[in-house]
Amino acid sequence: MSEVETSNSTFSVRKNDFWGYKRADDNIFVFASTLFILQQNSRYLNKEQKVIFEKIESQILAEFAKYQNKDGRLTYNFYKTKPSRHFPNGRFMRRLDHFRLPDDIDDTALIYLTSNYTKEQTIWLKNHLSEFTDQYRGSKNGEIYSTWFGKNMPKEQDVCALLNLMYLLFKHQIALDQTDNNTLKFISNAVNEITKNSFQIARHYGHPALIIYHYARFMADFSYQELDNRKAELIDIAKKLLAKEKSALFRMLLETALLKFGEKRNKIDINLDPEKQFYSFIGAPFAPFENPATRLIAKNQWSQIFWKSEIHELALRLEYICLIRKN
């Protein structure tokens, strides 16, 4: 788990094929997301496999402190914080504070979920989150959680990040308030946009298969009536996406989602070779700007940065294998 220094790292790379851009990247998202998947599926491992899992788990947990809030608060950043190592191995963005990211709800929720954070600490986080809310356009009586903890960052919502946050609150059985219910209303309404406006509802995931997967992951473990009512629709969307999706890994992710929704599925072949089309996460540098022209540019893949991670993709393959075996 040493610091990534070379472009052939198996941990994570950020890239844009249109511009021939590729850099080794050292971020906590791939570690936290990988560990969450492994922890969820560790019960399916045999004794020898669990020894390997526990070694990986201890190595990843040891990394988290390097990404904690620079002032010691119990929130987390995508990049190392003391000192900031934003966009490592780059030539331009790493040199400017303008591109330094604030802490975010997605990495924070995943780290809380994979660590030994208590219910009381999670309640503190929930109260802290209330300082970074945005008016939800679908509601007349409340706020909705925003992605960033930064005071000067534009307000935005990412349905996948919000589903990870809701997973944390539901795990600890924390009583829902109006902001939570508004957030869940947003998540429910976003189902209508999965195929038409995936980037709009999930700017940091941006692909319908990734979005469906996050719905399935939450709904497999928790019940919320408004989301439960949309389960059949989500299953139908996943099956329609499968009919036209060309990427083997995105297809596998849809199959995993359907298994989590309780559907009976036939086993598909799993190829361990790297796949160019698949990505775990995206960045859209032009999206935060209010100018309509830059927001239009932000939707185009040539203007985006794509994060890939071999360990994360292997964890997703392992998850599918575990679930199809018990299907």
Side-chain angles (χ1 to χ4, degrees), residues 1-14 24-68 74 76-81 85 88-89 104 106-118 121-122 160-161 163-164 167-168 171 205 210 213-214 216-218 220-221 248-249 252-253 255-257 259-260 270-275 278-281 307-326:
M1 295 300 170
S2 60
E3 184 175 331
V4 179
E5 293 292 350
T6 59
S7 61
N8 62 354
S9 166
T10 58
F11 291 150
S12 181
V13 296
R14 64 183 189 272
D25 196 81
D26 179 6
N27 66 79
I28 203 57
F29 172 80
V30 298
F31 289 147
S33 188
T34 295
L35 183 55
F36 181 68
I37 294 166
L38 295 179
Q39 287 178 342
Q40 279 202 313
N41 295 280
S42 62
R43 64 186 182 275
Y44 302 121
L45 305 179
N46 61 35
K47 185 176 180 181
E48 292 77 14
Q49 292 166 341
K50 284 185 177 179
V51 171
I52 298 171
F53 157 69
E54 288 168 2
K55 182 178 180 181
I56 295 171
E57 181 180 46
S58 65
Q59 288 179 312
I60 292 178
L61 289 172
E63 292 291 303
F64 287 166
K66 301 172 186 177
Y67 300 82
Q68 187 178 341
L74 295 180
Y76 291 85
N77 200 283
F78 188 73
Y79 286 126
K80 288 180 179 177
T81 55
R85 290 297 305 273
N89 306 304
D104 65 88
D106 204 15
D107 292 304
T108 299
L110 287 168
I111 290 173
Y112 269 61
L113 283 166
T114 52
S115 307
N116 294 319
Y117 277 98
T118 65
Q121 288 171 315
T122 305
C160 297
L163 281 161
N164 287 336
Y167 196 108
L168 175 64
K171 175 188 175 182
Y205 291 84
L210 286 167
Y213 170 78
H214 279 80
R217 191 159 77 174
F218 174 83
D221 291 342
L249 272 175
M252 185 199 72
L253 212 58
E255 290 285 354
T256 298
L259 290 169
K260 286 180 176 289
I270 299 298
N271 189 333
L272 295 181
D273 294 334
E275 183 187 297
F278 186 84
Y279 58 84
S280 301
F281 198 80
W307 273 263
K308 287 183 63 66
S309 167
E310 185 177 339
I311 59 170
H312 187 237
E313 292 170 19
L314 287 171
L316 289 170
R317 290 180 175 99
L318 176 64
E319 179 175 47
Y320 171 76
I321 292 168
C322 291
L323 294 177
I324 196 64
R325 282 179 179 172
K326 74 162 194 169

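- Residues meeting the side chain to side chain contact (heavy atoms under 4.5 Å, CB included) test with T118, sequence neighbours left out: E120, Q121.
- Side-chain contact between L318 and I37: absent, with no pair of heavy atoms (C-beta onward) separated by less than 4.5 Å.
- Nearest heavy-atom pair across S42 and K50 is O-CE, 3.2 Å.
- The salt bridge (Lys or Arg N to Asp or Glu O under 4.0 Å) search around E313 returns K308, not counting sequence neighbours.
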- What do the steps show when you test I311 against F31 for side-chain contact (heavy atoms from CB on, under 4.5 Å), and what is the final call? CA-CA 8 Å; I311 59 170; F31 289 147; 3.8 Å; yes
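- Between A24 and V13, the shortest heavy-atom distance links the atoms CA-CG1, 4.3 Å.
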Exercise. With side-chain contact (heavy atoms from CB on, under 4.5 Å) as the test, would you mind laying out the steps for R325 and Y44 before giving the verdict?
Key: CA-CA 9 Å; R325 282 179 179 172; Y44 302 121; over 6 Å; no
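- Side chain of N27 to backbone of V30: a donor-acceptor contact under 3.5 angstrom is found.
- Under the side-chain hydrogen bond (donor to acceptor under 3.5 Å, both in side chains) criterion, T256 pairs with no residue at all, not counting sequence neighbours.
- Residues passing the ring-ring contact (aromatic ring centres under 6.0 Å, His included) test with F218, sequence neighbours excluded: F170, F222.
- Remark: T114 engages L35, F36, Q39, F64 in a side chain to side chain contact (heavy atoms under 4.5 Å, CB included) (not counting sequence neighbours).
- Judged by distance alone, with hydrogens and angles left aside, the side-chain atoms of S58 form a donor-acceptor pair with the main-chain N or O of K55 at under 3.5 Å.
- Residues passing the ring-ring contact (aromatic ring centres under 6.0 Å, His included) test with Y112, sequence neighbours excluded: Y117.
- Taking every heavy atom of both residues into account, F78 and F29 meet most closely at CE1-CB, 3.4 Å.
- Note: D26 CG to F11 CZ = 9.0 Å, rounded to the nearest 0.5 Å.
- Scored by the side chain to side chain contact (heavy atoms under 4.5 Å, CB included) test, Q68 finds L74, Y76 as partners (sequence neighbours excluded).
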>> The test is side-chain contact (heavy atoms from CB on, under 4.5 Å); show your working for L259 and Y320 and say whether it passes.
In response: CA-CA 8 Å; L259 290 169; Y320 171 76; 3.8 Å; yes
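- Between the CZ atom in F281 and the OG atom in S309 there is a gap of 12.5 Å [rounded to 0.5 Å].
- Here the straight-line distance linking atom CG of N41 with atom CZ of F53 works out to 9.5 Å at 0.5 Å rounding.
- For N164, the side-chain hydrogen bond (donor to acceptor under 3.5 Å, both in side chains) partners at least two apart in sequence or on another chain are D106, R217.
- Ring centroids of Y79 and Y67 are separated by 6.0 Å or more, keeping the two rings apart.
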Could you give me the CA-CA distance, side-chain angles and deciding distance for E57 and L38, then say whether side-chain contact (heavy atoms from CB on, under 4.5 Å) is met?
CA-CA 8 Å; E57 181 180 46; L38 295 179; over 6 Å; no
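- Dense packing is recorded around CG of N46, with more than 12 heavy atoms of other residues, nucleotides or ligands lying under 6.0 Å away.
- Under the side-chain hydrogen bond (donor to acceptor under 3.5 Å, both in side chains) criterion, D221 pairs with Q40, Y167, sequence neighbours left out.
- Qualifying side-chain hydrogen bond (donor to acceptor under 3.5 Å, both in side chains) partners for K47, counting only residues two or more places apart in sequence or in other chains: none.
- Of the possible polar contacts, one joining the E275 side chain to the L249 backbone as a donor-acceptor pair under 3.5 Å is found.
- Proximity of D107 to N77: side-chain heavy atoms (C-beta onward) are nowhere separated by under 4.5 Å.
- Listed by chain and residue number, L272, E310, R317 satisfy the side chain to side chain contact (heavy atoms under 4.5 Å, CB included) test with L314 (two or more places apart in sequence, or in another chain).
- Under the rule for a ring-ring contact (aromatic ring centres under 6.0 Å, His included), Y213 has no partner lying at least two apart in sequence or in another chain.
- Between L210 and S280, the shortest heavy-atom contact is CD1-O, 4.1 Å.
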